[in-house]
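Note sheet for the following structure.
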Amino acid sequence: MIGKIVIMICLSMTLLASNYQNMSDEEMQSMMKAAQKMKVCMKDISAKEMAALKARVHKFETEVNALCMQKRLKVAQSRAVQFAKDMKQDATIQKIMQCSEVMPKLTFIDEYNVCP
């Protein structure tokens with residue numbers, strides 16, 4: 001159930017590792033300990049909460065994909081911004097963010113197009 005989040009975490013760790021190819025064993029161990037702490041923290045999130053979040057995200061993805069197919073790019077982008085604001089207020093997302101604070105910080109692109 002935590003599939004997408006686990007994939008995101010694994011991808012983050014892979015990106016971190018690839019960005020820091022000269023990472024020492026100690027630094028790698030530190031990163032792995034942080035991942036374990038995050039995993040323990042995530043156990044506080046119930047399967048029901050994760051299923052509800054997954055359904056909400058799926059509904060959003062379906063809606064935005066439809067808007068993209070209709071070439072309503074500004075509407076899709078606007079909907080994505082609103083969804084992000086709504087998600088920021090979601091208790092499950094807040095818990096995930098709290099749990100992820102132990103992980104090393106990565107830099108991602110701040111702005112992107114919703115439609116491919």
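This one's a predicted model, so the numbers in the text were calculated from it and none came from an experiment.
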* In one Ile/Leu/Val/Met/Phe/Trp/Tyr side-chain cluster, 4.5 Å: Met50, Val40 ->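 No; tracing contacts between hydrophobic side chains, which count when under 4.5 Å, never links both residues.
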* To do: Over all heavy atoms of both residues, which pair between Ser100 and Met38 is shortest? Give the atoms and the distance, please.
  =>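 Minimum heavy-atom contact is CB-CE, 3.6 Å.
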* Please list all pairs passing the ring pair (Phe, Tyr, Trp, His ring centres under 6.0 Å) test where one or both residues lie in residues 71-92, with sequence neighbours left out. =>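 Of all non-adjacent pairs touching residues 71-92, those that pass ring pair (Phe, Tyr, Trp, His ring centres under 6.0 Å) are Phe60-Phe83.
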* To do: Sorted by first residue and then second, give each salt bridge (charged side-chain N to carboxylate O under 4.0 Å, His left out) pair with at least one member in residues 28-44; sequence neighbours left out.
  => Asp44-Lys95
* **From Ile96 atom CD1 to Ile45 atom CD1, the distance as rounded to the nearest 0.5 Å** => 4.5 Å
* **Nearest-0.5 Å distance that lies between atom CE in Met97 and atom NZ in Lys88** => 8.5 Å
* **Validation row: Gln77, Leu67 side chains within 4.5 angstrom (heavy atoms)** => no
* Asked: Who pairs with Ser46 by side-chain contact (heavy atoms from CB on, under 4.5 Å), at least two apart in sequence or on another chain?
  ->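 Here the qualifying residues are Lys48, Glu49.
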* **His58 backbone acceptor or donor facing Thr62 side chain under 3.5 Å** =>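 Judged by distance alone, yes, a pair lies under 3.5 Å.
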Test of understanding: with side-chain hydrogen bond (donor to acceptor under 3.5 Å, both in side chains), list the residues that count as partners of [X], not counting sequence neighbours.
X: Gln70; answer: Arg72
X: Gln82; answer: Asp86
X: Gln94; answer: none

